[in-house]
Number of protein chains: 2
Amino acid sequence: MTRAFDSHDHTHCEKTGLAELERHCADNKLRLTPVRRRVFEILQSQHKAMGAYDILEILQKEGLGSQPPVAYRALDFLVGNGFAHKIEGLNAFIACSHPGDNHIPAFLICRKCARVAETDPQTNALRRQASDAGFSIEHTVVEAMGVCPDCSETAA
Amino acid sequence: MTRAFDSHDHTHCEKTGLAELERHCADNKLRLTPVRRRVFEILQSQHKAMGAYDILEILQKEGLGSQPPVAYRALDFLVGNGFAHKIEGLNAFIACSHPGDNHIPAFLICRKCARVAETDPQTNALRRQASDAGFSIEHTVVEAMGVCPDCSETAA
DNA sequence: GCTTGATATGTTATACTATTACAGATAGCA
DNA sequence: TGCTATCTGTAATAGTATAACATATCAAGC
């Protein structure tokens, strides 16, 4: 679950992610427009969170859009369909590393290299407490900021 | 742990919170300046998260400061010393409901009435996964958005 | 009490993040 | 083809946060 911090063949991540996105859109009659596809590719190209304006800058260079709403709309689409998550602590976005399944994600975020690994928080205690309090959860944010193994070694 | 959603004598919250803040500052030779004290009182006055600019507006009316850094500095002081938390999902701040102990907080946030209850997430699974991945956690954000019991009844 | 150094405040300006609103284009279907 | 929903283009603006630097205040040691 913490592949972002391990060396791996990243082209595999990219290919399978894009394929899943295509399949999901086809199955659900969603329009995978050039901007949406490209924003997903950009997010997917690395295990780092990117700000909306970073993405917009790339779109601008490629002639795919010039104003903030272009980026935010594409991001809303991806987040809404489970293909990206917003990292609230960074005001940034990251491609979902296992889209499609209806999960509650948790993130390990390195403050040095900005890489983000998605894991499973298993928030049973929180769910039980919410349930006991009569609170119905619609969305959860679980983010752990810290230092990843690579950056930790570098410091030592 | 979810007092925010129960009816209670709120003046008790306010008194004990302020007393703890005063004691902590005295013990640690921290300067509890008028702005800092007042911002804590404002946050403490309700179990809701407030934006920095909401707080600034109040400070302005009271002649305690007119520019954003005044509010952000006071908030940084409170957050840094454990007397307030930032709710990342709202870009807002809330007084800590049990300051002093070195805890990992979790929040239940009602999207209808904006009340926020602080609970204990018991994030053992997350900690174990981080540890397994060689990731060292420095700060965690656990926020559950949803509907509180009062608002849920109202809707029904 | 006075000096000194550290900490806090006042203020201007600006950077960064996000949305509203409306006009125009495109896709899919009757 | 024409209708309708959806997506895109663009301008304007709202909302959140910080940098930078000058001034003021505090607390400790002389």
Side-chain angles (χ1 to χ4, degrees), chain A residues 21-22 25-40 42-43 49-81 83-94 111 114 141 143 145, chain B residues 21-22 24-40 42-43 49-81 83-94 111 114 141 143:
Chain A
L21 177 61
E22 286 172 343
C25 289
D27 290 354
N28 294 276
K29 300 197 191 305
L30 298 169
R31 288 202 230 160
L32 184 55
T33 63
V35 179
R36 290 170 176 179
R37 168 190 285 264
R38 186 68 189 119
V39 170
F40 180 75
I42 291 168
L43 286 179
M50 298 184 73
Y53 282 72
D54 297 330
I55 290 166
L56 180 59
E57 195 178 333
I58 295 174
L59 293 178
Q60 282 172 334
K61 284 177 188 160
E62 299 177 353
L64 278 169
S66 60
Q67 300 298 326
V70 174
Y72 282 104
R73 283 165 183 155
L75 288 165
D76 286 349
F77 172 84
L78 294 173
V79 170
N81 289 287
F83 285 89
H85 297 291
K86 181 170 186 187
I87 305 294
E88 297 288 350
L90 298 177
N91 292 318
F93 301 83
I94 190 156
R111 67 172 162 76
V141 174
E143 300 172 1
M145 313 286 175
Chain B
L21 177 60
E22 285 172 342
H24 179 84
C25 289
D27 289 356
N28 294 276
K29 300 199 191 304
L30 298 168
R31 288 202 229 161
L32 184 54
T33 63
V35 179
R36 291 169 175 179
R37 167 189 285 263
R38 185 69 188 120
V39 170
F40 180 75
I42 292 167
L43 286 178
M50 299 184 72
Y53 282 73
D54 298 329
I55 290 166
L56 180 59
E57 196 178 332
I58 296 174
L59 294 178
Q60 282 171 335
K61 283 177 188 158
E62 299 177 354
L64 278 170
S66 60
Q67 301 301 324
V70 174
Y72 281 104
R73 284 166 182 156
L75 289 166
D76 285 349
F77 172 84
L78 294 172
V79 170
N81 289 286
F83 285 91
H85 297 291
K86 181 169 188 188
I87 306 294
E88 296 288 349
L90 299 176
N91 291 318
F93 300 84
I94 190 156
R111 67 172 162 76
V141 175
E143 301 172 1

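By convention in this document, chain letters (A, B, ...) are assigned in the order of the sequence lines, proteins followed by strands, and residues within each chain are numbered from 1. Scope of the values below: all heavy atoms of this structure, side chains included, with no hydrogens, waters or symmetry mates.
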query: Which whole-number value in Å describes the distance from Glu88(B) CD to dC16(C) C1'?
result: 15 Å

- line: To the nearest angstrom, the CG-P distance between Asp54(B) and dA17(D) comes to 11 Å

- prompt: Any sub-3.5 Å donor-acceptor pair from Asn81(A)'s side-chain atoms to Phe77(A)'s backbone N or O?
  reply: yes

query: Over how many whole Å does the gap from Leu56(B) atom CG to dA14(D) atom C1' extend?
result: 16 Å

- request: Of all the heavy-atom pairs spanning Leu64(B) and Val70(B), show the shortest one and how long it is.
  value: O-CG1, 3.8 Å

query: Can you check the Gln67(A) CD to dA12(D) C1' distance for me, whole Å?
result: 10 Å

message: Tell me whether the side-chain N/O atoms of Tyr72(A) come closer than 4.0 Å to OP1 or OP2 in dA18(C).
response: yes

field: Spacing between Leu75(A) atom CG and dT19(C) atom C1', to the nearest angstrom
entry: 14 Å

Nucleotide N/O to protein N/O under 3.5 Å, stretch nucleotides 20-23 of chain C:
{"unit_1": "dA21(C)", "atom_1": "N6", "unit_2": "Arg73(A)", "atom_2": "NH2", "d": "3.3"}

- prompt: Atom CG of Leu78(A) to atom C1' of dC7(D): distance rounded to whole Å?
  reply: 14 Å

- prompt: Between Lys86(B) and dA17(D), is there a side-chain N or O to OP1/OP2 distance below 4.0 Å?
  reply: yes

Heavy-atom closest contact (Phe40(A) atom, Phe83(A) atom, distance): CE1-O, 3.5 Å

- prompt: Short question: side chain of Asp54(A), backbone of Gly51(A) - any donor-acceptor pair under 3.5 Å?
  reply: yes

task: May I ask you to verify whether the side chain of Tyr53(A) and the base of dA15(C) hold a donor-acceptor pair under 3.5 Å?
output: no

query: Got a sec, which residues hit side chain to side chain donor-acceptor pair (under 3.5 Å) with Glu22(B), two or more places apart in sequence or on another chain?
result: Arg37(B)

statement: Nearest heavy-atom contact between Arg38(B) and Leu59(B) is CG-CD2, 4.1 Å

query: Over how many whole Å does the gap from Phe93(B) atom CZ to dT16(D) atom P extend?
result: 10 Å

message: Can you tell me if Asn91(A) touches the phosphate of dC16(C), counting only side-chain N or O atoms and a distance under 4.0 Å to OP1 or OP2?
response: no

Residue whose nearest DNA chain C nucleotide is more 5′ - Gly63(B) or Asp76(A): Gly63(B)

field: Sidechain-backbone polar pair: Arg36(B) side chain, Arg31(B) backbone, donor-acceptor under 3.5 Å
entry: yes

task: Tell me which residues in residues 25-38 of chain B put a heavy atom below 4.0 Å from DNA chain C, sorted by number, or none.
output: Arg31(B), Thr33(B), Arg36(B)

task: Write down the distance between CG (Asn81(B)) and C1' (dA8(C)), rounded to a whole number of angstrom.
output: 14 Å

query: Can you tell me if Glu143(A) uses its side chain to pair, donor with acceptor, with the backbone of Val141(B) under 3.5 Å?
result: no

task: State, to 0.1 Å, how close Leu56(B) and Ala71(B) come at their nearest heavy-atom pair, and which atoms those are.
output: CB-CB, 4.1 Å

